[in-house]
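Shown next, in C-alpha cells, is the structure this report addresses.
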Amino acid sequence: MRIRAFAAVLAATAALPCAAMAADLEVTHWWTSGGEAAAVKELATAFDATGNKWVDGAIAGSGSTARPIMISRITGGDPMGATQFNHGRQAEELVMSGLMRDLSDVAEKGKWKDIIKPASLLDSCTFEGKIYCAPVNIHSWQWLWLSNAAFEKAGVPVPKDWNEFVAAGPKLREAGLQPLAVGGSAFQVNGLFDTLVIALGGTDLYNKVYKEKDEETAAGPEMAKIFAAADDARKLAKGSNVQDWNQATNLVITGKAGGQIMGDWAQGEFQQAGKVAGKDYTCLPGLGLNQTLTTGGDAIYFPVLKDEAKSKAQEVLAETIVDPKVQVAFNLKKGSVPIRSDVDLAAANDCMKKGIEIISKGSTATSTDQLVSADTQKQKEDLMSEFFANASITPKQAQERFASIIGSAD
C-alpha cells in the first residue's frame, strides 16, 4: 500500500483547531458484540453531551477485517473523523506518512503523561516525541473463561488451571459438550497461541521470542512444549464451528462449551447475559499458571482533516475518552481496565478486580501488537489459522515456520 503517496496532498489541507464549534464526527471501530456495543454507547453519549455528534462507523467482524477498510479510506483521501486501532504498531506507517494528527497539545493540556498508566500505553501512541492517539483501555489476552454448568454436567470439578482443563477434555466430550470454543477468525487462534507462550512458557520465554526476536529460542525445546500445548488446544477445539469470538464466548455462556481462551473483553459478554463471576462462570488469568497480563488494548487515532470544526471536535473527543467518569462507564461495560488509576471501580466484578490487582502489582508484559509489526502479526495469524484448521500439520512443522517468521520479524 503506497501510503506516503497520499501524505503530501492531505497534509497540505490540515487545519489548526479553531474556536469551539459543534460538528458531526464519524468514528470507525470494530466494537460490535453485545458488550462492546454497550461500551461504545457510553463513549457516544459522553461525546454527544459536548454538543458534538458521534456518527457511528462500526465495521462488523474482527480488527483484521476492519483495519484494511480503515486504512484504505485514510490513504484514499476519505478519512473518518476518528478510528480505532490497537495499542502498538498498527497505525505506524500512517503516522510516519503524516496522515494522522498530532495530539501532543491535547495530551499536555490534559497531563496525560501523569495520569495514563502504565507508561507503555502512551509510549505506543508516541512517534518521534509526538503523541498520535488517545488510549481507551487496557486489555489482556491471558484469560481462560469456564462454564461452571458445563463442568457440572460433565461430572468433573471446575479446573483451576490449563492442565486440569486439558485433562477434563474427554469428560466434556463424553457429556456431548464442546471442550474448547474457538472461532474461525485468525486473530483468535493467534491470540490463543501467544497466551500459551506466556502462561506455560513464562515471561522470559515470551520476551526472548517476541521482544528480542530470537530465532534460536523460537526453534528450541521450550517453544516445542508450547507447540505441543497448541496441539492439545487444536484437539480440544475440534468441532467448534462458529466464526466470531463472541459466538465462541456464547457457547461458554450457554453451557455448550467448557471454556474459551480469550481476552478480558469476553467478560463484557458475560455481563450482558446477566451472568455472575464465580457463580455462573470462572475466570483464570494467566490460565491459572502464570498470572502475568499483557497491557495492550484499544486506542483512538485521528486522521488529518481539512474541516476546522471537525478538527476541533477531534480534540474534544480525545479529551472525552480520557475523562475519569467516561473511563469508568466505558470499561465497566467493555470488561477492560481503565487507562488511569485515579478512578472509582467499586462496581467492578470479581474478574475485573483480579485483572486490576495483577496489573497494579506490576505483573505485566508488553503485548505482541506493541512488540512486532502488523506484517509479522499477519504472518503469525496465517500460520496459526493453518495449524488449527489442518491436523496434518505437525507441531514440529509449525514450529519451524514460526521460527522463520520470528527470525525475519521487524
Give me the atom names and distance for the closest heavy-atom approach of [X] to [Y].
{"X": "Gly201", "Y": "Ile226", "answer": "N-CD1, 3.7 Å"}
{"X": "Thr294", "Y": "Ser140", "answer": "O-CB, 3.2 Å"}
{"X": "Thr65", "Y": "Pro68", "answer": "O-CD, 3.5 Å"}
{"X": "Gln247", "Y": "Val242", "answer": "CB-CB, 3.8 Å"}
{"X": "Ala348", "Y": "Met352", "answer": "CB-SD, 3.5 Å"}
{"X": "Pro303", "Y": "Gly81", "answer": "CD-O, 3.7 Å"}

Is the shortest heavy-atom distance from the side chain of [X] to the side chain of [Y] under 4.5 Å?
{"X": "Trp141", "Y": "Asp194", "answer": "no"}
{"X": "Asp24", "Y": "Lys310", "answer": "yes"}
{"X": "Gln188", "Y": "Met262", "answer": "yes"}
{"X": "Ile74", "Y": "Met100", "answer": "yes"}
{"X": "Asn349", "Y": "Gln267", "answer": "yes"}
{"X": "Pro118", "Y": "Thr364", "answer": "no"}
{"X": "Leu180", "Y": "Leu192", "answer": "yes"}
{"X": "Leu146", "Y": "Phe165", "answer": "yes"}

Ignoring hydrogens and angles, tell me if any N or O in the side chain of [X] forms a donor-acceptor pair with the backbone of [Y] under 3.5 Å.
{"X": "Asp161", "Y": "Glu164", "answer": "yes"}
{"X": "Asn331", "Y": "Gln327", "answer": "yes"}
{"X": "Thr75", "Y": "Ser72", "answer": "yes"}
{"X": "Thr32", "Y": "Ala60", "answer": "no"}
{"X": "Arg234", "Y": "Phe388", "answer": "no"}
{"X": "Glu36", "Y": "Ser33", "answer": "yes"}
{"X": "Asn52", "Y": "Ala23", "answer": "yes"}
{"X": "Gln379", "Y": "Ala409", "answer": "no"}

Measure the spacing between [atom1] of [X] and [atom2] of [Y] and express it to the nearest 0.5 Å.
{"X": "Ile138", "Y": "Leu293", "atom1": "CD1", "atom2": "CG", "value": "10.0 Å"}
{"X": "Asp204", "Y": "Glu212", "atom1": "CG", "atom2": "CD", "value": "9.0 Å"}
{"X": "Ile71", "Y": "Leu94", "atom1": "CD1", "atom2": "CG", "value": "5.5 Å"}
{"X": "Met223", "Y": "Leu200", "atom1": "CE", "atom2": "CG", "value": "10.5 Å"}
{"X": "Leu25", "Y": "Ser311", "atom1": "CG", "atom2": "OG", "value": "9.0 Å"}
{"X": "Gln399", "Y": "Ile393", "atom1": "CD", "atom2": "CD1", "value": "14.0 Å"}

Point to revise | Centroid separation Phe387 to Phe193 less than 6.0 Å | key: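 When the ring centroids of Phe387 and Phe193 are compared, they turn out to be at least 6.0 Å apart.
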Exercise for review: Compute the centroid of each ring, for Trp30 and then for Phe187, and state whether the two points are separated by less than 6.0 Å.
Suggested key: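 Not close enough - the centres of the two rings lie 6.0 Å or further apart.
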**Study point:** Residues Asp350, Lys354: salt bridge by 4.0 Å N-O rule
**Key:**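 Judged by the 4.0 Å cut-off on N to carboxylate O distance, Asp350 and Lys354 do not form a salt bridge.
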**Study point:** Ion pair check, Lys378 and Asp375, cut-off under 4.0 Å
**Key:**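 No.
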How about [X] and [Y]: does a side-chain donor come under 3.5 Å of a side-chain acceptor?
{"X": "Lys380", "Y": "Gln377", "answer": "yes"}
{"X": "Asp264", "Y": "Ser336", "answer": "no"}
{"X": "Asn86", "Y": "Asp298", "answer": "yes"}
{"X": "Thr28", "Y": "Thr83", "answer": "yes"}
{"X": "Asn246", "Y": "Glu269", "answer": "no"}

Side-chain donor-acceptor distances from residues 104-112 under 3.5 Å, at least two apart:
residue: Ser104; atom: OG; partner: Asp102; partner atom: OD1; Å: 2.6
residue: Ser104; atom: OG; partner: Ile131; partner atom: N; Å: 3.0
residue: Lys109; atom: NZ; partner: Glu319; partner atom: OE2; Å: 3.4

Point to revise | side-chain contact (heavy atoms from CB on, under 4.5 Å) between Gln314 and Leu305, worked out | key: CA-CA 9 Å; Gln314 288 179 324; Leu305 301 177; 3.3 Å; yes
Check your understanding: Where do Asp342 and Arg340 land on the salt bridge (Lys or Arg N to Asp or Glu O under 4.0 Å) test, with the steps shown first?
Key -> CA-CA 6 Å; Asp342 60 342; Arg340 48 193 301 165; 2.8 Å; yes
Review point. Between Phe227 and Thr394, does a side-chain contact (heavy atoms from CB on, under 4.5 Å) hold up when you go through it step by step?
Key: CA-CA 9 Å; Phe227 276 90; Thr394 67; over 6 Å; no
Review point. Where do Lys208 and Glu222 land on the salt bridge (Lys or Arg N to Asp or Glu O under 4.0 Å) test, with the steps shown first?
Key: CA-CA 11 Å; Lys208 193 75 173 176; Glu222 292 305 308; over 6 Å; no
Point to revise | Derivation and outcome, side-chain contact (heavy atoms from CB on, under 4.5 Å), residues Gln178 and Arg173 | key: CA-CA 6 Å; Gln178 174 66 41; Arg173 288 264 188 222; 4.0 Å; yes
Point to revise | NZ (Lys213) with more than 12 external heavy atoms under 6.0 Å | key: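 Enclosed: over 12 neighbouring heavy atoms sit under 6.0 Å from NZ of Lys213.
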Practice item. Please indicate whether Glu152 has more than 12 foreign heavy atoms, meaning atoms of other residues, nucleotides or ligands, lying under 6.0 Å from its CD. Key: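 Open.
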Tell me whether the rings of [X] and [Y] are parallel (<30°), tilted (30 to 60°) or perpendicular (>60°).
{"X": "Trp54", "Y": "Phe47", "result": "perpendicular"}
{"X": "Tyr206", "Y": "Tyr210", "result": "perpendicular"}
{"X": "Trp265", "Y": "His139", "result": "perpendicular"}

Exercise for review: Give the C-alpha distance, both sets of side-chain angles, the deciding distance and a yes or no for side-chain contact (heavy atoms from CB on, under 4.5 Å) between Arg401 and Ser404.
Suggested key: CA-CA 5 Å; Arg401 289 175 57 184; Ser404 178; 5.6 Å; no
Under 3.5 Å, which donor-acceptor pairs do the side chains of residues 250-260 form with other protein atoms, sequence neighbours left out?
residue: Thr254; atom: OG1; partner: Asn250; partner atom: O; Å: 2.7
residue: Thr254; atom: OG1; partner: Leu251; partner atom: O; Å: 3.4
residue: Gln260; atom: OE1; partner: Thr249; partner atom: OG1; Å: 2.7
residue: Gln260; atom: NE2; partner: Trp245; partner atom: O; Å: 3.2
residue: Gln260; atom: NE2; partner: Thr249; partner atom: OG1; Å: 3.3

Without placing hydrogens or testing angles, list every side-chain donor-acceptor pair under 3.5 Å for residues 282-291, not counting sequence neighbours.
residue: Thr282; atom: OG1; partner: Asn148; partner atom: OD1; Å: 2.8
residue: Asn290; atom: OD1; partner: Thr292; partner atom: OG1; Å: 3.0
residue: Asn290; atom: ND2; partner: Ile198; partner atom: O; Å: 2.8

Check your understanding: For Glu357 and Lys361, what are the C-alpha separation, side-chain angles and deciding distance, and is it a salt bridge (Lys or Arg N to Asp or Glu O under 4.0 Å)?
Key -> CA-CA 6 Å; Glu357 182 180 0; Lys361 289 180 178 177; 3.3 Å; yes
